[in-house]
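Working notes, structure below.
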Amino acid sequence: MEPTRFRREVADWLADNLTGEFAQLRGLGGPGREHEAFDLRLAWERHLAAAGWTCVGWPVEHGGRGLSLGEQVAFHEEYAASGAPARVNHIGEQLLGPTLIAFGTPEQRKRFLPKIVAVEELWCQGYSEPGAGSDLAAVSTSAVRRDGDWVVNGQKIWTSLAHVADWCFVVARTEPGSQRHHGLSYLLVPLRQDGVTVRPIQQLTGTSEFNEVFFDDARTPAEMVVGEPGDGWKIAMATLGFERGVSTLGQQIGFRRELDDIVADAKRTGTYDDPLLRTDLARARIGLRVLRAHALRTLGRPAGPEVAVGKLLWAQWHRGLGELAMRARGARSLVAAGAELDDAQLLYLFTRADTIYGGSDEIERNIIAERVLGLPREARP
């Protein structure tokens, strides 16, 4: 379809459907604000599914629309520009689904993909651990075969949306005595069972969208391993590549809206008269253009260590935007109205995490240095 016509189709559908009870969802949700109107956002996403607007980049044979990269960009940008709420199924749609399409068995695809498309099951990602930080190869969560099941023991942390998820894809050590990236497997584990405890972590913002997840003899059937046992590292890295795909262009539309709000706020409060603030706002606008140029330059390329560049760029930029939001408010940014934080304060506090979650800046720089630039490896114990 001609790109302009497709954009118009998406924009028209969103305008026609973000009405009635769904109209109140505009601008809600997203990092730091996942608690906002969650049940209604879930209903909205199922409304999207009924109209065929979920998993738009998936192949048609797996329930998607089979859109081209250009059409996917148009969809995500128009979705963000409309003010439609943050998606609640993005971990299943953007991470696990593509992973199963690439590596899953026919039985796994038949079991899970239709429910992701229909938003009938929600997923979370079991990677990080308390003793491993951003070092995924240091995982200690274990799984052993027993009576036709995998029996899982260990702990994951910073698990986004685990408190509302039905399933978790878990990287676990299935080969006793193995080290680093050897002996890991990628397991699909149901969360609604006696052997799983999910404990929300309260953040600086007062909200809780990250969680600790404890596995105490949790079980999942033997066939719920993606790829072969021992393939976990390869498959986990592929999932990370899917995570930083075309939807980042929609994310940048949201960033632009945040920047526009900060500029408007600075003009209302009078801080826009400060030439240093105006200069930094202009630099932020330029930085946003750089983010888009990088995303377009890497679009469609096979996932590789270069994706670390994109994460490093947007995390630093967005954290700086949170600081600009506070500067634009002036002294009143230091005072909360009652128990509630305003948008600028929420943005500032939550963006402290941007350079940590999804791969800390330090880890991203090591990846770029060693795997992209070919520099010597950092000394390790």
Side-chain angles (χ1 to χ4, degrees), residues 30-32 73 76-77 80 86 90-91 94-95 98 125 127-129 132-138 157-158 160 171 181 203-204 209-210 233 236-259 262 280-326 347-380:
V73 170
H76 287 291
E77 290 187 337
H90 56 281
I91 296 177
Q94 297 174 21
L95 278 70
Q125 179 181 30
Y127 278 18
S128 298
E129 295 188 2
S134 294
D135 186 3
L136 179 59
I157 198 166
W158 313 124
S160 299
V171 176
H181 57 276
Q203 299 146 200
L204 281 173
E209 65 196 56
F210 297 137
W233 179 260
M237 292 301 100
T239 300
L240 291 178
F242 295 130
E243 181 178 20
R244 297 166 188 176
V246 67
S247 63
T248 58
L249 288 153
Q251 176 193 51
Q252 291 164 22
I253 299 292
F255 288 170
R256 187 178 70 193
R257 189 163 52 244
E258 290 173 338
L259 177 56
I262 291 169
D280 288 342
L281 288 170
R283 285 177 174 156
R285 188 78 65 184
I286 294 168
L288 190 54
R289 289 178 176 267
V290 170
L291 292 180
R292 177 173 172 78
H294 176 76
L296 290 173
R297 182 173 66 89
T298 57
L299 198 61
R301 293 186 183 180
E306 294 83 359
V307 298
V309 176
K311 169 59 171 63
L312 187 65
L313 286 173
W314 78 252
Q316 289 280 343
W317 183 91
H318 201 223
R319 189 176 69 173
L321 190 71
E323 295 167 358
L324 283 176
M326 298 290 276
L347 179 65
Y348 171 73
L349 289 173
F350 195 83
T351 53
R352 303 296 89 193
D354 283 351
T355 54
I356 302 172
Y357 72 76
S360 71
D361 277 14
E362 292 78 10
I363 294 296
E364 303 296 343
R365 289 191 178 100
N366 278 353
I367 291 171
I368 294 166
E370 296 172 7
R371 303 185 199 173
V372 178
L373 301 179
L375 297 177
R377 285 173 58 86
E378 180 184 44
R380 289 171 170 81

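All of these numbers come straight from a predicted model, not from anything done at the bench. The first residue in the sequence is number 1, and the count goes up from there. Because only heavy atoms are used, hydrogens play no part in the values below, and waters and symmetry mates are left out as well, while side chains stay in.
Atom CD1 in I262 sits 3.5 Å away from atom CG in L321 (nearest 0.5 Å). The structure places CG of D361 at 5.0 Å from OG1 of T355, a figure rounded to the nearest 0.5 Å. Here L312 contributes atom CG and S360 contributes atom OG; the two are 10.0 Å apart, rounded to the nearest 0.5 Å. To the nearest 0.5 angstrom, T351 atom OG1 is 9.5 Å from M326 atom CE. The NE2 atom of H318 lies 10.0 Å from the CG atom of L259; values are rounded to the nearest 0.5 Å. Atom CD1 of I367 and atom NZ of K311 lie 10.0 Å apart (nearest 0.5 Å).
For S160 against I91, the heavy-atom pair with the smallest separation is O-CD1, 3.9 Å. The nearest pair of heavy atoms linking L204 to L349 is O-CD1, 3.9 Å. For the pair G322 and L347, the tightest heavy-atom approach, listed with the atom from each and the gap, is CA-CG, 4.0 Å.
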Can you check side chain to side chain contact (heavy atoms under 4.5 Å, CB included) on W317 and L291, steps first, answer last?
CA-CA 9 Å; W317 183 91; L291 292 180; 4.1 Å; yes
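Of the possible polar contacts, one joining the R257 side chain to the A80 backbone as a donor-acceptor pair under 3.5 Å is found. Checking side-chain atoms of Y127 against main-chain N and O of A236 turns up a donor-acceptor pair under 3.5 Å. Side chain of Q203 to backbone of F210: a donor-acceptor contact under 3.5 angstrom is found. Counting only distance, with no hydrogens or angles, the side chain of W158 and the backbone of S128 share no donor-acceptor pair below 3.5 Å. Between the side chain of Q252 and the backbone N or O of R292 there is at least one donor-acceptor pair closer than 3.5 Å.
Two residues are said to be in side-chain contact when any heavy atoms from C-beta on lie closer than 4.5 Å; R285 and R256 meet this criterion.
With respect to E323 and R352, a salt bridge is recorded, a charged nitrogen being found less than 4.0 Å from a carboxylate O.
No more than 12 heavy atoms of other residues, nucleotides or ligands sit less than 6.0 Å from atom CZ of R289.
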